[in-house]
Amino acid sequence: MAPVDLASWPRTEDAALAEQRRLRPLVEPRGAAPAPGSLVAGVDVAYDDERNTVAAAAVLLDLGTLEVIEESTAVGPIAFPYLPGLLAFRELPAVIDALAGLRQRPELVVCDGYGLAHPRRLGLASHLGVLTGLRTLGVAKTPFGFDHQDPAPERGAWSPLLDRDSGEEVGRALRTREGVKPVFVSVGHRIGLTEAVSCVLALTPRYRLPETTRHADSLCRRTLAESLAAHS
DNA sequence: GCGACAG
DNA sequence: ATCTTGTCGC
């Protein structure tokens, strides 16, 4: 996997918007779910704004057993400010570095955030998919700017996540645990929405968030804390 | 113009 | 995202 060249990474809002327009037509919003024994990666990042440092983690799990197979991390400078709708430019350089450190290639990458459920239909999950060619999906914890009805209380229940203007279904509010707030699933790249939802259910046998996300979250936090200690 | 706003 | 303790519950 080609590492990111930070020298040519967008630095301004205009450049980032132009890059989204360029990549958007390359998203493939259909495709099968990976087979039960496939390797699935979870990715996440943690920040230290004081030191302009970001730590990313990629954790590889067996989709069938949910056992951790491999871990990889990357630490680097924060590549972009946080602007809603441009999150990918902040997170992806470190995420791609972490993914590049995995010895085995995942058949799916689960991202913390959105894919097609995005103002310009290029959230970080889709962006990552187009840049790497990997199959991706997004799982977000809040509805961003979209409308939805509360799904029925049982695990597996869902309702469409709708664009406020067009009414288009851009994702699904999915109940991964009975009686707990839903998560918001959207297609990233090379997978359909129904298939993405079934993957997320396979990854949430017990908690609200996918096992992939939970492992990646704790690993990137640990990595950031260790890099902090090492530099003081 | 104002508020809302993935992480 | 991050600042932050104890506490209720499975």
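Note that these values count all heavy atoms, side chains included, but never hydrogens, waters or copies made by symmetry.
Distance CG (A/Asp112) to C1' (B/dG7): 7 Å, rounded to an integer number of Å. Separating the CG atom of A/Asp48 from the P atom of C/dC3 is a distance of 9 Å, rounded to the nearest angstrom. One can place CZ of A/Arg51 at 15 Å from P of C/dT2, the figure rounded to the nearest angstrom. Between the C1' atom of C/dA1 and the CD atom of A/Glu50 lies a distance of 14 Å, rounded to the nearest Å. Rounded to a whole Å, the CZ atom of A/Phe89 is 18 Å from the P atom of B/dG7.
Looking at heavy-atom distances under 4.0 Å, A/Gly85 makes contact with a base. Across all strands shown, A/Leu124 has heavy atoms under 4.0 Å from base atoms, whether or not it also approaches the sugar-phosphate. If you check every strand for non-hydrogen atoms under 4.0 Å, A/Gly123 touches a base. No contact: A/Ala117 has no heavy atom under 4.0 Å from any strand. Within 4.0 Å (heavy atoms only), A/Leu86 reaches at least one base atom of the nucleic acid.
A/Thr212 contributes no side-chain N or O that, together with a main-chain N or O of A/Ala41, makes up a donor-acceptor pair within less than 3.5 Å.
Between B/dA6 and A/Tyr82, a contact under 4.0 Å exists linking OP1 or OP2 to a side-chain N or O. Close to B/dC5, at under 4.0 Å from its OP1 or OP2, lies no side-chain N or O of A/Thr142. Under 4.0 angstrom from either OP1 or OP2 of B/dG7 there lies at least one side-chain N or O belonging to A/Lys141. Side-chain N/O atoms of A/Arg221 include one lying less than 4.0 angstrom from OP1 or OP2 on C/dA1.
The nearest heavy atom of DNA chain C to A/Leu224 and to A/Arg206 marks one nucleotide each, and the one closer to the 5' end goes with A/Leu224.
Listed by chain and number, the residues in a ring pair (Phe, Tyr, Trp, His ring centres under 6.0 Å) with A/His127 are A/Phe89 (sequence neighbours excluded).
The local environment of CD in A/Glu50 is sparse, with at most 12 non-hydrogen atoms from other residues, nucleotides or ligands closer than 6.0 Å. Applying the 6.0 Å contact sphere to CZ of A/Arg11 captures no more than 12 heavy atoms from other residues, nucleotides or ligands.
Listed nucleotides: B/dG7, B/dC5, C/dA1. Nearest to the side chain of A/Arg90: B/dG7. Distances from the side chain of A/Phe144 to the nucleotides B/dC5, B/dG7, C/dT2 place B/dC5 closest.
By the 4.0 Å N-to-carboxylate-O rule, A/Glu168 lies close enough to A/Arg121 to be salt-bridged with it.
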